[in-house]
Trainee: 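Just passing along the structure, written as structure tokens.
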Amino acid sequence: MAAHSAVLSMSKIINPFWGGRLGNTVKCCTLSSMQLITYEMLMLQPPPAKYGGRHTVTLIPGDGIGPELLNHVKEVFRFSCVPVDFEVVHVNSALESEDDINNAITAIRRNGVALKGNIETNHTMAPSVKSRNNLLRTSLDLYANVMHCQSLPGVQTRHKNIDIMIIRENTEGEYSSLEHESVSGVVECLKIITRNNSLRIADYAFRLAREKGRSRVTAVHKANIMKLGDGLFLQCCREVASGYPDITFDSMIVDNTTMQLVSKPQQFDVMVMPNLYGNVVSNVCAGLVGGPGLVPGANYGRDYAVFETATRNTGKSIAGRNIANPTAMLLAGCMMLDHLRLYDYASMIRNAILTTMNETRLHTADIGGQGTTSEVVQSIMRNIQSKGPLTTDL
Amino acid sequence: SRGRRVRSLSRTLVRRWSRGKPDGAGETRWSRGNQMEQGKPDARGKPDTVTLIPGDGIGPEISSAVMKIFEAAKAPIRWEERNVTAIKGPGGRWMIPPDAKESMDRNKIGLKGPLKTPIAAGHPSMNLLLRKTFDLYANVRPCISIEGYKTPYTNVDLVTIRENTEGEYSGIEHVIVEGVVQSIKLITEDASRRIAEYAFEYARNNQRSSVTAVHKANIMRMSDGLFLRKCREVAEGYKDIKFTEMYLDTVCLNMVQDPTQFDVLVMPNLYGDILSDLCAGLIGGLGVTPSGNIGANGVAIFESVHGTAPDIAGLDMANPTALLLSAVMMLRHMGLHDYGNKIQTACFDTIRDKKVLTKDLGGNSKCSEFTADICRRIQDLD
């Protein structure tokens, strides 16, 4: 156990904040403890791509409203003198070859962090042309998708006081893209659930809950029907839960979950689930707090982090018309700044966004107003100028 | 006189053929159900017999409530009560009692209360057994906002049609190696075509204007791609109904923001499970949601989807609304629209009045009082 104590002391030096929970991880996980500890140590460090005090971040514009919203993000960052340079990598979704997305993946490996718009998947093309977004997530092993849904004070919704964190397994499950047609007219699609990934995501969820001071984690599943698959997921969650006695753990079947979400969403705190249920639940929650234009999402892996809007919409129908809501993308940018440890810039921009959100006059069409994207962005920049610190102070 | 006999015989034959089956639905599986939906009354004029499965827990009391209401409305329905429990048949396979099966095969229409499945009973769930026995391939759930039962969502009026036999619930799972489990989602051409055809027929027969296919073909290219292709093919034959396709996540997102934009939704098994419960939550939960299962050979079983509620069983506290609305759906399926409308109006009026509501609807009246109020209203309507 000399290795264990060495690891523990090293972790205390590198990451004093995380020191305590390492002990818990060792206690609860019975499998490959050494493996788990080693990568735990290296997790969630901001990337080293820093030159002259400025970070370099990969920017993937994507399709639809992605390019215009990311332009606004660049504009706001430049205005606020954020020390981040963007390396833009275009991905053409109409091409069949995977060179573009591979270039993007290489760029992200180099920089460690990315901000991206959604890349369209044309499902009329051959099935061998896989979803580019999915390819990106699996190649970089961005196993956790985190989304924080909070009711914003300035936005009118049917339900109030919602504060749910959704942690969704991002690489396996139904999104494994393994399909075959063994007999003509009969297609089989495989859903893979593994013990390693389930333990990993459950552990991430509990650690995040502890860090944020949350009291309850709910696992969403359909183990009454998919007894082996979701049963394994649930079992892994229970194992991890036993190592966090301060956090309550319960489980709920996915159809009951959606029913509860539309009637009483305030009962949920932190939710963890496999890939497809995560897709459904995160979209329901985004709809409950005001729509796709308001919620940012983050995809975390061991070494990389990619930030985007939570509901991953391309928004083809509203592209180029200056009516898209820039809030989600800007808040995703703030999450990215938090990840890069540029907390002051992040809170400055976030406060400006929330102040703007309070003004009903500036709401865009998706939240019931008539404002344009540029008006919202101008207002945010005006807020930053009036309330933010002077450049000499930063 | 022989000439007269031949002429009258040929006239009868021509009349029978011209009354016959609608276009494009020559298969026997549509026979009785579809003709009924055309609104033609039963030529014999006798009451139709329906198999009633009261179920467990609160099942018997809500079934008797429904029977009482039907009596008050003088609906031409004769009930044949049967009990459904899992028994082991020859060959060791679990099956439902043969008299229940025979009754259902004869009557074709059934009304079912909640059935309980004891944990670790050794047999699959009762609902699954019924589904397999009668090949109940379509689960239809119309979700209409109930005036008087306030939810944050108003003016909801949509129908979810879910494929009920395959998809993610095929039950095929394997442990590949220790710690890796694979579940197989099965999508077949036949099942997809069948459910798409049913969805469009339903839309046409119930004057709905659009059908939306819900899918995730960007990720599950081949499986949901096949489902979509079949839906598109079937849509070609129904040019009077608008057909759209939407991703599952977009549907969920839009559903909680503005459910009024949806009309009829058709989808594979898992998405249907989630979405139909989501829509039930929009209108007030499973206690007020009707549901119907359509099977091959014209069989249709209408049911309430809530649980057996053993804690309130026998205490006269149950809410019969779900089973009642399912029975109304059944009347409409049989072409008895007048009776169906009458009973539905009475039920909604009672709920809107808020004087005799059961506990789950926010009042503190008994089930019998609720039922009596509806019966009184029906008699007043006459």
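Heavy-atom basis, side chains included; hydrogens, waters and symmetry copies ignored. Predicted model only: the values in this text are computed from it and were never measured. To find a chain, count down the sequence lines: A is the first, B the second, and so on, and within it residues start at 1.
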Trainee: Going by side-chain hydrogen bond (donor to acceptor under 3.5 Å, both in side chains), name the residues that satisfy it together with A:S317, two or more places apart in sequence or in a different chain.
Mentor: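 If we apply the side-chain hydrogen bond (donor to acceptor under 3.5 Å, both in side chains) test to A:S317, skipping adjacent residues, there are no hits.
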
Trainee: Taking non-hydrogen atoms and a cut-off under 4.5 angstrom, which of residues 277-284 of chain A neighbour chain B?
Mentor: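 Counting heavy atoms that sit under 4.5 Å from chain B, the residues of residues 277-284 of chain A involved are A:Y277, A:N279, A:V280, A:N283, A:V284.
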
Trainee: Can you find a pair of side-chain heavy atoms, one from A:V187 and one from B:K185, that are under 4.5 Å apart?
Mentor: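 A side-chain contact under 4.5 Å is absent here.
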
Trainee: Mind ranking A:V129, A:I193, A:I192 by heavy-atom pairs under 4.5 Å with chain B and telling me who comes out on top?
Mentor: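 The candidate making the most pairs under 4.5 Å is A:I193.
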
Trainee: When heavy-atom pairs shorter than 4.5 Å are enumerated against chain B, which of A:V262, A:V254, A:N133 gives the highest number?
Mentor: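 That would be A:V262.
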
Trainee: Hey, could you give me the CD/OG distance between A:E188 and B:S183, rounded to the nearest 0.5 Å?
Mentor: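 Answer rounded to 0.5 Å: 12.0 Å.
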
Trainee: Using a heavy-atom distance cut-off of less than 4.5 Å, which residues of residues 167-176 of chain A contact chain B?
Mentor: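 The stretch touches chain B at A:E174, A:Y175.
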
Trainee: Taking the side chain as everything from C-beta on, heavy atoms only, tell me whether B:L253 gets closer than 4.5 Å to A:N313.
Mentor: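 The answer is yes, as the side chains (C-beta and beyond) meet within the 4.5 Å cut-off.
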
Trainee: Heavy-atom distance under 4.5 Å between the side chains of B:Q182 and A:K191, does that happen here?
Mentor: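 Sidechains of A:K191 and B:Q182: no contact.
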
Trainee: Heavy-atom cut-off 4.5 Å, strictly under: side chain, backbone, both or neither for A:H180 against chain B?
Mentor: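 For A:H180, the backbone is the part near chain B, not the side chain.
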
Trainee: Please collect all side chain to side chain donor-acceptor pair (under 3.5 Å) contacts where either partner lies in residues 273-292 of chain B, sequence neighbours excluded, each pair once.
Mentor: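 Sorted result for residues 273-292 of chain B: A:K222-B:D273, B:R141-B:D277, B:Y169-B:D273.
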
Trainee: Would you say B:I184 and A:L190 make side-chain contact, with heavy atoms under 4.5 Å?
Mentor: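 Of all side-chain heavy-atom pairs linking A:L190 with B:I184, at least one is under 4.5 Å.
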
Trainee: Identify which of A:L276, A:N224, A:N197, A:L178 forms the greatest number of heavy-atom pairs closer than 4.5 Å to chain B.
Mentor: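 Among A:L276, A:N224, A:N197, A:L178, the one with the most close pairs to chain B is A:L276.
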
Trainee: For chain A, which of B:L275, B:I219, B:D249, B:I187 has the most heavy-atom pairs under 4.5 Å?
Mentor: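 Counting heavy-atom pairs under 4.5 Å, the top option is B:D249.
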
Trainee: For each of A:A126, A:G185, A:S263, tally heavy-atom pairs with chain B at distances under 4.5 Å, and name the one with the top tally.
Mentor: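 Top option by heavy-atom pairs under 4.5 Å: A:G185.
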
Trainee: So how far is it from B:L278 CG to A:T257 OG1, rounded to the nearest 0.5 Å?
Mentor: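 That separation rounds to 11.0 Å.
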
Trainee: Which one wins on heavy-atom pair count under 4.5 Å against chain B: A:T121, A:L228, A:T258?
Mentor: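 The answer is A:L228.
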
Trainee: Only pairs of heavy atoms separated by less than 4.5 Å count here; which of B:E168, B:M220, B:K230, B:E189 has the most with chain A?
Mentor: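 Of B:E168, B:M220, B:K230, B:E189, B:M220 has the most heavy-atom pairs under 4.5 Å with chain A.
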
